[in-house]
Every structure is written in C-alpha cells, then in structure tokens.
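Taking it in order: structure first as structure tokens, then the write-up.
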Amino acid sequence: YKCLLLPPALAFLLGGCYDDTLAAPYPGEYPEGETEVGSSIDFEPYETQSVSTRSNPGDVLDNIDDLCVVAYDLEGNLMDGFPVEISAAHGLEITSVPRKNSDASNGNSAQSFTLRATFRMKVPYGRYYMYGVANLGRRDDSGNRLTTTIRELSPGGRYAAHVATRESFLKADMMWDETNYRNNAQMMGYFTVGEEKKSPSTGLQTNNKTVSVDRPGIMLHSWLRRCASKITLDFDGSGLRDNINIYIKRVTLHDIPDRCALGMPNAADSDDPSLPQLLTYKGGDNRPDGRGDHIDYGHGADYNMWPY
C-alpha cells in the first residue's frame, strides 16, 4: 500500500499569515498559512450482524475515551504540529445522534443512536491526508486509565514509530486483549470535506482519500470505525415441527484474526506472516487445528439442562 506521489509544490506548505476573509485565489491553488475549520466525527453504527459478544455489555466498545487527529502530506510524512489531542480547548462536544439504515456501510444499522464529536481546530491550507483516531490508550482490569491516545502516539509510546508515516500508521497492529475487553475499543477514520452520505468502510481505497483545504469556513467530517466487531447469535426454532427441540451445548466461531491493522484490510492469511493470523485456542475447539473461539451454552452431561 503506497502513497500517491505528487509534485513537491503540493506536498509542502509554507508558513505565514493570511486573511481568513479571502477565498482561494484560483481553483486548485492554496493560500499560505492556516485556517480554523469546523470538524465532526461520527461513530459508524454497527451493522445488523454485529451487536454483542459473550457476557460483555453490548455497548462496551461504544464509548470514546479520548480523540486525536493526525495528518500526512502527500508523500506520507507526518505533518508538523500533529498528532493533535482534541480537548475542551477545541470546543469539543460529544452528543448522541439518531442513526438510519443508510448510515451503516451495509445499509442495515443495528443501532438507533451513536456518538458524534464536534470541535474546531487550526489546520494548514493545502491538500493532505487527515485521520481521526480514538481509544488507543490502555486500561487496567478495574477500568482505570493507564495511558491515553496522545501518549501512545508520542515518543516512548507504543505507536510512536508507527505514526511517523501514513503507511506505518495504517498498518499499526491492534493486538486483541483476551483478558481486558476495554482495551479492544480502538477506532479510526479518514476525514473528507463535508459528510459522506453513507458511512464507508475503511479499507485501502477509501483510506487513500485526501482533504483539500483551500478556503476558510470548510467543514471536515470523519466516520470512525471500530477495529473490533461485536457479534450476537440468534437461534430461530420457529421452523421446527411440534415436539422437536434442539439443545445447544456450544457455538464455535472460526477464522478469527489474532490482530487488526488500524486502517488496512484485516482478513487473516496463514500463508503470509505479515498479515493477521487465525486466533488459536489449543484444545478449546472442536476443530482438529484448534483454531477459533467458542461460547458454551450447555454445561454438564444432562442435555435437559441445556438451553433449547
């Protein structure tokens, strides 16, 4: 996954002052300096197949602990002044907004409401890549915050080396925390000028989009997507004949990736060690290779005590 290379005149911005009341002098050209833009970030609603997992609360991955913005020039290098931690100083407001089916990338929303973050920040004029990222910090088993997103992106943090270039940032691995589900809530999304009407996936092509800030008053928008999915299993016995019951002992989920890149395709590939591998629980699965995870519904040998 490589960055698009454009002439240096478009890749670098010169510092200086500029009258924000002026428009861009010519289409496709950029004033010098920077301007304040309004920004909003929406959390994409889960699709209908992603709601909850195991006994964890269904909304466990829906919260925002903190939020940062990163930007890269057209050559993929981190721009001066970034990452930026978004705080009350930027007028940060987080609200809950209603969602429609059209807001989900597959057209079937599983959530009636999700969060929206709005804020204002100074950005340079020009064309570049810009991303919002949330919840990269860590929590202990009691839920206390140990680190923050900006700390993890700063020197000495787990992702300090990754944030240096756009390619390594998008490829940063979010390892699954098997013991503390609170550490699996990472989110990322790219910014566009204006809101895309349907929240897109964050695969390779869409994450290559840029913003073009060529005048004051521009509104930037991002759909944040979670790295993790939440799954619910429904059992529908309405088609069974009378007096026929199916007792449920165990459900096994197969082909689960052991990690997730922050902004790249995440299909597991056992033949390529650079890509996510299949999560393996030796002896904990009914498949010979032990790959997968399971949920036990029935306990003991008496199936009459199992759910049906």
Side-chain angles (χ1 to χ4, degrees), residues 36-47 50-52 56-71 81-105 109-123 130-140 142-154 157 159 163 169 174 180-202 211 217-230 262-263:
E36 185 176 78
V37 298
S39 302
S40 63
I41 289 180
D42 286 288
F43 302 134
E44 181 184 357
Y46 289 111
E47 301 168 359
S50 304
V51 180
S52 61
N56 295 336
D59 60 352
V60 69
L61 302 183
D62 291 353
N63 295 323
I64 177 171
D65 290 337
D66 49 19
L67 177 66
C68 287
V69 172
V70 296
F82 291 92
V84 175
E85 183 178 35
I86 303 303
S87 65
H90 300 92
L92 175 64
E93 294 185 3
I94 298 178
T95 57
S96 181
V97 296
R99 293 300 177 200
K100 309 180 294 297
N101 282 335
S102 59
D103 290 327
S105 59
S109 175
Q111 293 178 285
S112 299
F113 293 85
T114 67
L115 297 180
R116 168 178 290 171
T118 58
F119 55 93
R120 301 191 66 82
M121 64 179 298
K122 289 277 190 179
V123 298
M130 189 170 176
Y131 302 96
V133 60
N135 299 347
L136 295 189
R138 306 289 290 179
R139 289 181 178 269
D140 64 18
S142 299
N144 301 310
R145 294 181 67 182
L146 301 176
T147 63
T148 62
T149 297
I150 190 64
R151 180 174 173 182
E152 296 291 4
L153 294 174
S154 300
Y159 303 113
V163 78
F169 172 72
M174 305 290 110
N180 190 344
Y181 58 81
R182 298 178 182 88
N183 292 327
N184 299 317
Q186 303 94 335
M187 306 181 192
M188 197 278 288
Y190 61 88
F191 278 92
T192 58
V193 176
E195 179 179 337
E196 292 185 317
K197 295 303 180 183
K198 182 177 180 180
S199 58
S201 67
T202 54
V211 296
I218 283 179
M219 296 296 296
L220 302 180
H221 180 267
S222 174
W223 286 102
L224 282 193
R225 284 177 64 97
R226 305 158 182 84
C227 292
S229 296
K230 298 190 291 185
L262 184 61

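For clarity, every value in this text was computed on a predicted model and none was experimentally measured. By convention here, the first residue in the shown sequence is residue 1.
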Quick check: does any side chain N or O of S39 sit under 3.5 Å from a backbone N or O of R120, one acting as donor and the other as acceptor?
no

Nearest heavy atoms of G81 and V84, plus distance in Å:
O-CG2, 3.1 Å

Between S222 and G189, the two heavy atoms sitting closest are OG-C, 3.3 Å

Of the non-hydrogen atoms in L224 and A134, which two are nearest, and what is the gap between them?
CD1-CB, 4.1 Å

Drop me the distance from F119's CZ to I94's CD1, to the nearest 0.5 angstrom.
10.0 Å

Would you compute the distance between atom CG of L67 and atom OG1 of T148 and round it to the nearest 0.5 angstrom?
12.0 Å

Look only at the side chain of T118 and the backbone of S40, and say whether a donor-acceptor pair between them is shorter than 3.5 Å.
no

Without swapping roles, check the side chain of N180 against the backbone of D140 for a donor-acceptor pair under 3.5 Å.
yes

Over all heavy atoms of both residues, which pair between F191 and Y131 is shortest? Give the atoms and the distance, please.
CE1-C, 3.6 Å

Is N135 reaching over with its side chain to a backbone N or O of D65, donor-acceptor style, under 3.5 angstrom?
yes

For the atom pair CG (N184) and CZ (R226), what is the distance rounded to the nearest 0.5 Å?
13.5 Å

Heavy-atom check, side chain of L220 versus side chain of V193, under 4.5 Å
yes

Without swapping roles, check the side chain of D66 against the backbone of E85 for a donor-acceptor pair under 3.5 Å.
no

Distance in Å, M121 CE paired with S87 OG, rounded so as to fall on 0.5 Å steps:
10.5 Å

So, T147 side chain and R138 main chain: donor-acceptor pair closer than 3.5 Å or not?
yes

Return yes if some donor-acceptor pair links the side-chain N/O of N183 with the main-chain N/O of R139 below 3.5 Å, else return no.
yes

Pairwise side-chain contact, I41 with M187, heavy-atom cut-off 4.5 Å (strictly under):
no

Look up atom CZ in R116 and atom NE2 in H221, then write down how far apart they are to the nearest 0.5 Å.
6.0 Å

How long is the gap from CH2 on W223 to CG on D42, to the nearest 0.5 Å?
4.5 Å

Given side chains that start at C-beta, do those of L153 and V133 come closer than 4.5 Å, heavy atoms only?
yes

